Amino acid sequence: MALLLKAPCSAISQLEKTQIFKKQCCSLGNVNNNNVVFSRPRCLVPAVLSMSSTTKPIQELETPSSKNFNIPIMVNGCSGKMGKAVIKAADSTGLQLVPASFGSEEESGQTIEVCGKEILVHGPSDRESVLASVFDKYPNMIVVDYTVPSAVNDNAELYSKVGVPFVMGTTGGDRDKLYKTVENSKVYAVISPQMGKQVVAFLAAMEIMAKQFPGAFSGYSLQVLESHQTSKVDTSGTAKAVISCFQNLGVSFDMDQIQMIRDPKQQIEMVGVPEEHLAGHAFHMYHLTSPDQTVSFEFQHNVCGRSIYAEGTIDAVIFLSKKVQSQANKRIYNMIDVLREGNMR
């Protein structure tokens, strides 16, 4: 997954960029009011950090050495956009796709075709017997869960009861209960609401900075904008995590001040989301301003599509498979553990 700088803007000097930014600040109205919408020309703002991920065809990521993982993978929620993205990434990497998946009662009995492979969807009623049977046939299998928040705890209990290692990318549910269930069962698992490797690395860097330099941004004001597809009704958990770091750095900011952009027209015209990615994107911008308005910092990370999460999920699967095979003492992992392991594709 390539990490690029911001989407290319017109080739202008740094001085011109600064002058344009000052004009933008004036046009935003009261700079002390956190409830503002940043206009699209903000791509001209001098940025401390900007991360963008654009969708790249999976086949372009293949290398001769990439197809050497013979790990069976069962993707639950295979009919969803994220599930399909994971299947494509798994197929590209050479993982062995298990032809079974769990879905809703309405999907039970349906056959989903992805990457030329057929997957039979099973409903809630026979999940335990199906999973036990599949796990018996594929003893080295790793389950990937991209279902719905309401199924997080029930699914974790099922995986733990059968004893199958799993990667949980689904957000929501009772997280404390989730970890307790897995810990008691001693099953191997990677649990992370954020599977984008580079985004996780950015969050880790922010946490380190907040711990080592508390109060470094004391007195600064913060403006936060996050844009996601209209189907995402809750506030970005990633944005909340970054804001927590800024709070530890001395910034005063309430979570209800986050600007959530869900209107497609605003996303195109003011945020700069490509129209083809309105149905799947994650744009975040954090703007810090000094008390006297003479210094500003901007942190931005933009994701188009879902391949960054799918690639991270596959790395988590490969990582977890190695931990299972080596019978590691630690059983529950997150994406920080995956990053620290290195050797990612």
Side-chain angles (χ1 to χ4, degrees), residues 6 17-52 171-172 175-176 192-194 196 198-228 232-263 266-267 270-273 281-303 334-336:
K6 292 181 182 178
K17 290 182 180 181
T18 303
Q19 292 172 339
I20 291 173
F21 173 61
K22 288 180 178 179
K23 292 179 181 179
Q24 285 180 254
C25 288
C26 294
S27 67
L28 289 174
N30 184 356
V31 293
N32 292 320
N33 180 2
N34 283 307
N35 188 25
V36 296
V37 175
F38 297 91
S39 59
R40 186 173 185 178
R42 79 192 199 305
C43 62
L44 301 176
V45 177
V48 173
L49 176 70
S50 178
M51 298 164 53
S52 295
T171 59
R175 307 305 280 191
D176 290 336
S192 176
Q194 172 58 262
Q198 292 80 7
V199 177
V200 171
F202 168 61
L203 284 172
M206 288 294 300
E207 290 175 0
I208 292 172
M209 182 169 69
K211 289 179 181 178
Q212 295 193 3
F213 308 110
F217 285 91
S218 180
Y220 273 65
S221 61
L222 175 65
Q223 297 165 349
V224 180
L225 178 150
E226 61 94 340
S227 174
H228 290 76
K232 182 175 177 58
V233 296
D234 58 332
T235 306
S236 166
T238 301
K240 290 181 178 179
V242 173
I243 290 169
S244 294
C245 293
F246 282 127
Q247 289 172 334
N248 291 332
L249 286 164
V251 177
S252 178
F253 188 89
D254 294 326
M255 294 297 179
D256 59 6
Q257 294 175 308
I258 299 173
Q259 295 176 244
M260 294 172 55
I261 308 298
R262 298 294 184 270
D263 178 67
Q266 287 185 331
Q267 290 173 338
M270 290 186 286
V271 182
V273 179
H281 70 277
F283 277 39
H284 298 76
M285 199 279 271
Y286 316 88
H287 189 82
L288 292 154
T289 307
S290 65
D292 63 1
Q293 307 293 316
T294 62
V295 182
S296 65
F297 292 83
E298 182 178 295
F299 297 75
Q300 180 174 331
H301 52 96
N302 298 342
V303 174
N334 56 32
M335 283 303 289
I336 295 294

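It should be emphasised that the depicted structure is a prediction, and the values quoted were computed from it without experimental measurement.
In this structure, NE2 in H284 is found 11.0 Å from CD in Q300, a value given to the nearest 0.5 Å. How far CD1 of I261 is from CD of Q267: 7.5 Å, rounded to the nearest 0.5 Å. Interatomic distance, F283 CZ to H228 NE2, rounded to the nearest 0.5 Å: 10.5 Å. Annotation: the span from S221 atom OG to Q257 atom CD amounts to 10.0 Å, rounded to 0.5 Å. For the atom pair F297 CZ and H287 NE2, the distance stands at 10.5 Å (nearest 0.5 Å).
Within the 3.5 Å criterion, the main-chain N or O of D256 finds no donor-acceptor partner in the side chain of D254. At least one donor-acceptor pair under 3.5 Å links the side chain of Q247 to the backbone N or O of F253. A donor-acceptor pair under 3.5 Å links the side-chain atoms of R262 to the main chain of K232, judged by distance alone. The backbone N or O of S236 lies less than 3.5 Å from a partner atom in the side chain of E226, making a donor-acceptor pair.
The shortest distance between side-chain heavy atoms of F217 and L288 falls below 4.5 Å. Contact of the L249 side chain with the Y220 side chain is not registered, since no non-hydrogen atoms from C-beta on lie closer than 4.5 Å. The closest side-chain heavy-atom distance from Q194 to M335 is not below 4.5 Å. In this structure, F246 and Y286 have side chains that are in contact, with non-hydrogen atoms separated by less than 4.5 Å. Using a 4.5 Å cut-off on side-chain heavy atoms (C-beta onward), M209 and C245 make no contact. With contacts defined as side-chain heavy-atom distances shorter than 4.5 Å, the pair H301/T238 qualifies.
Contact record, R175 with G172: NH1-O, 2.8 Å, taken as the closest heavy-atom pair. Nearest heavy-atom pair across T235 and M260 is OG1-SD, 3.1 Å. When all heavy atoms of I336 and N334 are compared, the pair lying nearest together is N-OD1, 3.0 Å. The minimum heavy-atom distance linking P291 with G219 is given by the pair CG-O, 3.3 Å.
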